[in-house]
Structure formats: structure tokens, C-alpha cells
Asks: 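Provided herewith is a single structure, encoded as C-alpha cells, for subsequent inquiry.
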Amino acid sequence: FGFGSSVDVVTCPTDAFCLIGGAGPGPLASSLPIASVSVDGGQTWTTPVVVGNEPSGLEDLACTNAQHCVGLDGSGGTDSQGTGAPYISNNGGRTWAVSGSSVVGQSLSCTGNFCMSVGGAVLLEPGTFASTAFVSIDDGQSWTQQSLMESPDLTGVTCIAPNHCVAVGDGGLAGNTTPAPIILTYG
């Protein structure tokens with residue numbers, strides 16, 4: 001990646017193809033999200049490419065195969081911690097385009113043409129979050145916000161199959177002084 005860059009996420013949907021992402025040189029609030037590809041199982045990597053134009057870094061990556069990948073350009077130094085702007089690559093991470101949605105969560109998982117993203121935005125009270133979940137049924141092109149029965153601080157998600165995902169967080173409900181681990185299922 002180079003001096004001053006950070007590598008924060010990795011995905012390897014095949015034995016040979018891997019994609020890493022992170023942030024370019026400089027402070028997080030001014031560095032651009034970048035990604036690099038390996039086609040030999042992580043032995044060598046391409047020169048990093050810029051994924052998006054918003055300062056931050058890639059919060060998460062998901063590839064359904066060696067061609068189609070979705071990345072989340074994170075919130076950087078803004079007050080929208082826990083959110084990300086989705087970008088899509090249809091050529092194995094070599095070029096990227098912004099998705100039709102402006103902001104989804106900070107964590108991402110895709111299987112088939114189904115993707116789920118979870119995360120949340122900082123509320124006015126410091127340290128509290130309003131979590132959200134978003135679903136895409138068209139390879140990450142468009143996203144629909146989902147209703148949550150409760151609003152824990154969701155920080156991770158994995159999809160086992162289309163419409164079958166598990167999200168985790170710390171149960172950090174607004175005003176809750178003793179968060180507890182929480183697991184939510186979708187599907």
C-alpha cells in the first residue's frame with residue numbers, strides 16, 4: 001500500500017483472488033479509500049486504486065466472486081461514525097463506481113445478489129448510536145433501510161445465504177449505561 005497508508009479489511013472469495021482495502025496516506029479525515037487486488041492468493045498485489053472521493057477509508061469489503069465486489073467508504077473524521085457509502089466494482093476491484101445509495105452501515109456481507117449492511121450514526125448524546133440495517137437484492141446497486149425492533153449498536157454482519165444474516169453488536173441502546181452483547185437474525 002505504501003508509506004502512511006493503512007490496510008483495514010480483506011476478503012478472499014476464491015483461493016486465488018483476494019482484495020484488501022484501507023486508507024491512503026494522511027489523517028483519516030483527509031485520506032481517500034483505496035483497494036488492491038491479488039490474483040495469486042495474496043503473494044503479490046496490484047498498485048492500490050482509489051475507491052471513492054470522500055475522505056476516509058474502506059470500512060468493509062464483500063465479494064461474491066472474483067469479479068463483483070462491494071466496498072463501504074467509511075465516515076472518517078465526521079460525526080457519522082458507523083456509516084459508509086457503498087461503492088461497487090464489476091471487474092475484480094480494479095475500478096469502482098458509487099452505488100445508487102448515499103449511506104448505509106459500517107459492516108457488510110453479500111451472498112449471491114443479496115447484501116446486508118449494518119451500523120449506525122452517532123446520536124446527539126456522545127457515545128450513543130442509532131443503529132440501522134440495509135438490504136440490497138441487486139448486488140449492492142440500491143439499498144432499502146430495514147426496521148429494527150430495537151436499536152443496538154450493530155457493528156458486524158455475516159450472511160449465510162440470501163435473506164439469512166446474523167448481525168452482532170454491544171446492545172448500546174441510547175441511554176443504556178451497561179451495554180450487553182446482542183445478536184440479531186434476519187431471515
Side-chain angles (χ1 to χ4, degrees), residues 1-78 80-119 134-143 154-162 165 167-168:
F1 253 41
F3 182 75
S5 300
S6 68
V7 177
D8 300 311
V9 293
V10 62
T11 184
C12 297
T14 72
D15 289 344
F17 176 80
C18 292
L19 180 66
I20 57 175
L28 188 56
S30 64
S31 61
L32 293 175
I34 54 178
S36 181
V37 175
S38 174
V39 293
D40 58 9
Q43 299 300 309
T44 61
W45 296 90
T46 62
T47 301
V49 297
V50 174
V51 173
N53 58 6
E54 293 295 322
S56 185
L58 285 179
E59 294 278 336
D60 209 353
L61 289 168
C63 297
T64 55
N65 56 48
Q67 294 300 308
H68 184 77
C69 300
V70 179
L72 296 178
D73 179 2
S75 58
T78 70
S80 57
Q81 177 182 344
T83 62
Y87 285 80
I88 297 172
S89 175
N90 287 314
N91 60 4
R94 289 163 184 83
T95 60
W96 295 83
V98 69
S99 165
S101 297
S102 60
V103 174
V104 294
Q106 69 181 6
S107 182
L108 170 72
S109 183
C110 297
T111 182
N113 65 346
F114 181 88
C115 295
M116 178 172 263
S117 177
V118 300
F134 299 86
V135 168
S136 172
I137 58 171
D138 58 4
D139 295 319
Q141 294 290 329
S142 60
W143 298 81
L154 296 175
T155 56
V157 64
T158 190
C159 294
I160 301 156
C165 303
V168 296

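Numbering of residues begins at 1 and proceeds along the displayed sequence. Owing to the predicted nature of the structure, the values given are computational and were not obtained by experimental measurement.
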Asks: Would a distance-only check, ignoring hydrogens and angles, find a side-chain to backbone donor-acceptor pair under 3.5 Å from S36 to T46?
Replies: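 Yes.
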Asks: Does S38 reach the main-chain N or O of F17 with its side chain, forming a donor-acceptor pair under 3.5 Å?
Replies: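 Looks like no, no N/O pair under 3.5 Å.
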Asks: Can you measure from OG1 (T47) to CZ (R94) and round to the nearest 0.5 angstrom?
Replies: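 It comes to 12.0 Å.
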Asks: Rounded to the nearest 0.5 Å, how far does CZ of F134 lie from CG of L72?
Replies: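 Reported value, rounded in 0.5 Å steps: 10.5 Å.
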Asks: Below 4.5 Å, heavy atoms only, C-beta onward: do P13 and N65 meet side chain to side chain?
Replies: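 In short, these two side chains do not touch, never coming nearer than 4.5 Å.
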Asks: Should T155 and Q106 count as side-chain neighbours, where that means a heavy-atom distance under 4.5 Å?
Replies: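 Touching, per the 4.5 Å side-chain cut-off.
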Asks: Any chance the SG atoms on C18 and C12 come in under 2.5 Å?
Replies: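 Their SG atoms fall under 2.5 Å; a disulfide, then.
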Asks: Any donor-acceptor pair under 3.5 Å linking the side chain of T11 with the backbone of L61?
Replies: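 No; zero donor-acceptor contacts below 3.5 Å.
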Asks: Please report the closest heavy-atom contact between D139 and V70, naming both atoms and the distance.
Replies: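 The pair with the smallest heavy-atom distance is O-CG2, 3.7 Å.
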Asks: Do any N or O atoms from the side chain of S117 and from the backbone of S107 form a donor-acceptor pair under 3.5 angstrom?
Replies: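 Side chain of S117 to backbone of S107: a pair is present.
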Asks: So do C115 and C159 have their SG atoms closer than 2.5 Å?
Replies: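 With an SG-SG separation of 2.5 Å or more, C115 and C159 do not form a disulfide.
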Asks: Compare every heavy atom of S142 with every heavy atom of S136, then report the nearest pair and how far apart it is.
Replies: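 So the minimum-distance heavy-atom pair works out to OG-O, 2.9 Å.
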Asks: Closer than 3.5 angstrom, by distance alone: can the side chain of S99 be matched with the main-chain N or O of G140 as a donor-acceptor pair?
Replies: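 A pair under 3.5 Å: yes.
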Asks: Between atom CD1 of I34 and atom OG of S6, what is the distance when rounded to the nearest 0.5 Å?
Replies: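 It comes to 7.0 Å.
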Asks: With rounding to the nearest 0.5 angstrom, report the SG to CG distance, C69 to L19.
Replies: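 If we round to the nearest 0.5 Å, C69:SG and L19:CG are 5.0 Å apart.
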Asks: What's the shortest heavy-atom distance between G156 and V118, and which atoms?
Replies: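 For G156 and V118, the tightest heavy-atom pair comes out as O-CG2, 3.7 Å.
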Asks: Locate the shortest heavy-atom distance separating T64 from C110; write the atom from each residue and the value.
Replies: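 The pair with the smallest heavy-atom distance is CG2-CB, 3.7 Å.
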Asks: Does N113 reach the main-chain N or O of D138 with its side chain, forming a donor-acceptor pair under 3.5 Å?
Replies: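 Side chain of N113 to backbone of D138: no pair is present.
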Asks: Taking all atoms of both residues into account, what is the closest heavy-atom pair of E59 and D73, and its distance?
Replies: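 Looks like CG-C, 4.5 Å.
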Asks: Rounded to the nearest 0.5 Å, how far does CE of M116 lie from OG1 of T111?
Replies: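 It is 13.0 Å, given to the nearest 0.5 Å.
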Asks: Between T95 and S89, which heavy-atom pair has the shortest distance, and what is it?
Replies: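 Closest approach of T95 to S89, heavy atoms only: O-OG, 2.9 Å.
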